[in-house]
Amino acid sequence: MNLFSDIRTLVLAELDSMMQAGDLPGGLELAAVAVEPPRDASHGDMATNAAMVLAKPAGMAPRAIAEKLAARLKTDPRIASVEVAGPGFLNLSLVPAIWADLLAATLQEGADCGRGAIGAGVKVNIEFVSANPTGPMHVGHVRGAVFGDALARLLDFAGYDVTREYYINDGGAQVDVLARSAYERYREAIGLEPEIREGLYPGDYLIPVGEAMKAKWGESLLDQPEEVWLEDVRNFATEMMMQMIREDLAALNVQMDVYSSEKALYGTGQIEAAINTLRDMGLIYEGTLEPPKGKLPDDWEAREQTLFRSTAHGDDVDRPVMKSDGAWTYFAPDIAYHYNKVQRGFDQLIDIFGADHGGYVKRMKAAVSALSGGKVPLDIKLIQLVKLWKNGEPFKMSKRAGTFVTLRDVVEQVGADVTRFVMLTRKNDAPLDFDFAKVLEQSKDNPVFYVQYANARINSVMRKAIAAGVAVDDASLAAADLTQLNNAAEINLAKKIAEWPRLVEIAARGNEPHRVAFYLYELASDLHGLWNRAKDEPELRFVQDDPATTQVKIALARATGVVISAGLAILGVTPVEEMR
RNA sequence: GCACCCAUAGCUCAGCUGGAUAGAGCGUUGCCCUCCGAAGGCAAAGGUCGCACGUUCGAAUCGUGCUGGGUGCGCCA
């Protein structure tokens, strides 16, 4: 039950009637009319800016519109009173019974509570992680993985048709390096001394790859020139790395729908087709780029290249798609890959990049804009760095010192749930501190604990109620006389619950899953506040002597728990039943 | 040199796509509790929202120009 959209619908209907009746000029654009929670609770339960937004286009004084709208809104049974305030705000107070309806609806909706329809089945593709298949995932990948997955869950919840996709960078030079590194481990498996030369990947994780190669090929690859084995070993090692990455993601509770291969774009004409499509639009030409000012590379020399006229679609300079030796740049398969996504019929694309890839945003958007005829929007979310700490001390990563932190290390130390929640306690474009010790602290300072503790308390009182013989299944709770909830602290919590569906919409519209984490913290805070007050005011306690009253109180607690669970599900975090 | 991101309380950060008196946690100060409805509670102090213009009924939010920090800038992905 989305109270805010319900009341907004009412406001829009009344505005329509006013246009019909001649109280407002016809044909007014109503999109900017908002119904929101007021900042100050003394202003009522909801506020609308309708009169102020429409004053100018209607050519009327805002207060004149407000007075007429107020008179109409007052006749709705849900509305207790309407006040015109300030420059023309309408402050609405709702009848107390509305909160009982809201809580009953929340209990009936259960896990679907807050599920929205603003996505309208729009097909959206979210590409994230896309770590090179040359090793295990490290801590730097974690935040992007969590963010992408939570965003996918959020958009799904808001009614989008979501595809989670991983782009495997298996077409470049780094997978050749992987193959050569694996080959040395293969020699090692056979009993020879490996030569891990400079530039190869030294990690131990390739030892099992070498052993698997021995099992597959025996000694047949020994002393063979690279041309003989490179491709097979590359494929073999890449597949093993991807298997490892899939397991890493699974440990983080991330599941991809589609894995797309860069390599598969080569030799299939897809890159050529994408570039030719651009060429047909007159967006590909041979030319020479100016050297970047202020930072001239040592070996700069002007060369003619094949360029994409990305400046025609908002970029700052045109970008090369082919190197001077005739090979494609990395950008060319990226273009083809995004073209592929457009051709697969997605209505919207979202890419999640590390903040250090911010320089590619404009060119990628330019390519998608050109190839989709401007029809498919591409939103690129940049993920800032995670700073690691341990007990307040910076935790320096170093491959040499062996303090290189993998995704597995993090998950094994603090768990997937804590990792995921903490990763979402900042906006994606703000740096994030991650302290291995503090995230496990059981105190109010720790948002993960604080939210989980609220849920545990709810479960605790429900167990108590059950022990007292009170029926606390959702159907019984929803059927109770919830109008008995009338204490300001209780209504306050109900109001917070009422904001949940609206928050889902806002978060989904902005592709901002962190808002869910902040909301849950506030919701938990309201529950804890009520709990603390109940120490001094026993009538606020959830478990009462009278079973019927207990049921009413528990309904409020349970409705809060329903929303916490729904929110945590979006974050991909499992609610805890009990603190240990 | 250019582009992108960021700048909000002493610290770490929210701020609902322009709304009313800008919020939270930590820290500080004061009071209360130490009762497993537990892993503290209540309250206070603390702000020219980096700076300056502009847009309008109204700006932390939008525009322009500065200041300061981060990231990146052909033949690496």
Side-chain angles (χ1 to χ4, degrees), chain A residues 4 32 34 36-40 42-43 47-49 52-53 55-56 61-62 85-89 91 130 132 134 169 171-175 262 288-297 299-303 305 307 315-320 322-327 329-331 333-334 354-363 380 382 384-385 425-433 441-447 449-450 453 456-457 460-461 464 499 502-503 505-507 509-510 512 514-515 517-519 521-522 525 528-536 538 540-543 579-580:
Chain A
F4 290 92
E36 341 177 275
R39 186 172 302 176
D40 191 331
S42 69
H43 291 148
T48 178
N49 60 356
M52 281 179 295
V53 174
K56 195 167 192 180
F89 277 104
N91 291 329
S130 298
N132 286 340
T134 55
N169 289 106
Q174 79 277 4
V175 281
E262 176 193 0
T288 308
L289 287 175
E290 293 288 311
K293 292 201 167 52
K295 186 208 171 220
L296 190 65
D299 56 347
W300 174 270
E301 53 181 290
R303 284 202 184 142
Q305 295 173 292
L307 300 171
D315 202 355
D316 308 302
V317 289
D318 294 336
R319 306 291 177 176
M322 196 177 271
K323 304 176 195 172
S324 46
D325 67 0
T329 63
Y330 63 88
F331 186 39
D334 278 351
D356 55 341
H357 285 63
Y360 305 104
V361 169
K362 283 191 178 182
R363 76 189 64 173
I380 298 181
L382 298 178
Q384 264 294 352
L385 292 176
T425 54
R426 287 286 176 272
K427 295 187 287 213
N428 57 288
D429 52 11
L432 179 131
D433 290 331
E441 256 173 36
Q442 301 210 337
S443 76
K444 190 181 176 179
D445 324 350
N446 182 354
F449 169 79
Y450 197 61
Y453 187 28
R457 277 180 156 172
S460 163
V461 287
K464 270 195 175 180
E499 289 179 26
R502 184 168 179 275
L503 182 109
E505 286 184 7
I506 291 165
R509 259 202 303 271
E512 294 172 330
H514 75 275
R515 288 182 190 275
F518 281 95
Y519 170 84
Y521 183 84
E522 291 168 13
S525 179
H528 290 309
L530 182 57
W531 186 283
N532 291 327
R533 284 189 56 175
K535 288 181 194 170
D536 296 331
L540 289 178
R541 295 190 170 203
F542 291 111
V543 177
M579 303 311 293
R580 283 285 171 197

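Labels below follow one simple rule: chain letters A, B, ... track the order of the sequence lines, proteins then strands, and each chain is numbered from 1.
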Counting heavy atoms from C-beta on, name the nucleotide in [options] closest to the side chain of [X].
X       : options                : result
E262(A) : A77(B), A38(B), G19(B) : A77(B)
V53(A)  : G37(B), G19(B), A38(B) : G19(B)
Q174(A) : G25(B), A20(B), A77(B) : A77(B)
P87(A)  : U56(B), C4(B), G19(B)  : G19(B)
Q442(A) : A39(B), A20(B), U56(B) : A39(B)
Y360(A) : G25(B), G72(B), C16(B) : G72(B)
D316(A) : C42(B), G72(B), A3(B)  : A3(B)

Whether the side chain of [X] and the base of [N] hold a donor-acceptor pair under 3.5 Å is what I'd like checked.
X       : N      : value
K464(A) : G37(B) : yes
N91(A)  : A20(B) : yes
R303(A) : C75(B) : yes
R515(A) : C16(B) : no
Y453(A) : A39(B) : yes

Check whether any side-chain nitrogen or oxygen of [X] sits under 4.0 Å from OP1 or OP2 of [N], and answer yes or no.
X       : N      : result
K535(A) : C32(B) : no
R39(A)  : A20(B) : yes
K427(A) : C5(B)  : no
R533(A) : C42(B) : no
K444(A) : G40(B) : no

Using the [atom1] atom as the reference point in each nucleotide, state the distance between [N] and [M] in Å, no decimals.
N      : M      : atom1 : value
U71(B) : C6(B)  : C1'   : 11 Å
C31(B) : C36(B) : C1'   : 24 Å
G23(B) : A3(B)  : P     : 36 Å
G63(B) : G25(B) : P     : 32 Å
U61(B) : A22(B) : P     : 14 Å
A9(B)  : A24(B) : P     : 14 Å
A60(B) : C13(B) : C1'   : 14 Å
A14(B) : A52(B) : P     : 24 Å

Quickly work out the [X] [atom1] to [N] [atom2] distance and round it to whole Å.
X       : N      : atom1 : atom2 : result
D445(A) : C11(B) : CG    : C1'   : 13 Å
E290(A) : A3(B)  : CD    : P     : 16 Å
L432(A) : C5(B)  : CG    : P     : 20 Å
N428(A) : U17(B) : CG    : C1'   : 15 Å
F449(A) : G25(B) : CZ    : P     : 16 Å
D536(A) : A43(B) : CG    : P     : 12 Å
D429(A) : C6(B)  : CG    : P     : 5 Å
L503(A) : A14(B) : CG    : P     : 15 Å

Check for me: is F518(A) stacked on A14(B) by the 5.5 Å centroid and 30° plane-angle rule? no
For G72(B), is there a stacking contact with H357(A), counting only centres under 5.5 Å and planes under 30°? no
Scan [X] against the nucleic acid and name what it touches under 4.0 Å (heavy atoms): base, sugar-phosphate only, or nothing.
X       : value
V543(A) : base
D315(A) : nothing
R457(A) : sugar-phosphate
M579(A) : base
S443(A) : sugar-phosphate
A85(A)  : base
A34(A)  : nothing
P447(A) : nothing

Search all heavy atoms of [X] against all heavy atoms of [Y] and return the closest pair with its distance.
X       : Y       : result
T425(A) : F518(A) : O-CZ, 3.3 Å
A327(A) : D325(A) : N-OD1, 2.9 Å
A302(A) : T288(A) : CB-CG2, 3.8 Å
P320(A) : Q305(A) : CB-NE2, 3.8 Å

How does RNA chain B read in dot-bracket, base by base from 5' to 3', with Watson-Crick or G-U pairs under 3.5 Å and | used when the partner is on another strand? (((((.(..((((.....[...)))).(((((.......))))).....(((((..]....)))))).)))))....
Approximate separation, where rounding is to 0.5 Å, of [X] [atom1] and [Y] [atom2]:
X       : Y       : atom1 : atom2 : value
M579(A) : R457(A) : CE    : CZ    : 10.5 Å
D334(A) : T329(A) : CG    : OG1   : 8.5 Å
N532(A) : L540(A) : CG    : CG    : 11.5 Å
Q442(A) : Y453(A) : CD    : OH    : 9.5 Å

Non-hydrogen side-chain atoms of F4(A) and P37(A) separated by less than 4.5 Å: yes
Hey, does Y330(A) have a side-chain heavy atom less than 4.5 Å from the side chain of N169(A)? no
Evaluate the ring planes of Y360(A) and H357(A), with Trp represented by its six-membered ring, and classify them as parallel (under 30°), tilted (30 to 60°) or perpendicular (over 60°). tilted
For P38(A) and E301(A), take the nucleotide of RNA chain B holding the closest heavy atom to each; which residue's nucleotide lies nearer the 5' end? P38(A)
If each of W531(A) and P320(A) is mapped to the nucleotide of RNA chain B with the nearest heavy atom, which maps nearer the 5' terminus, i.e. the 5' end? W531(A)
Quick check: does any side chain N or O of N428(A) sit under 3.5 Å from a backbone N or O of L382(A), one acting as donor and the other as acceptor? yes
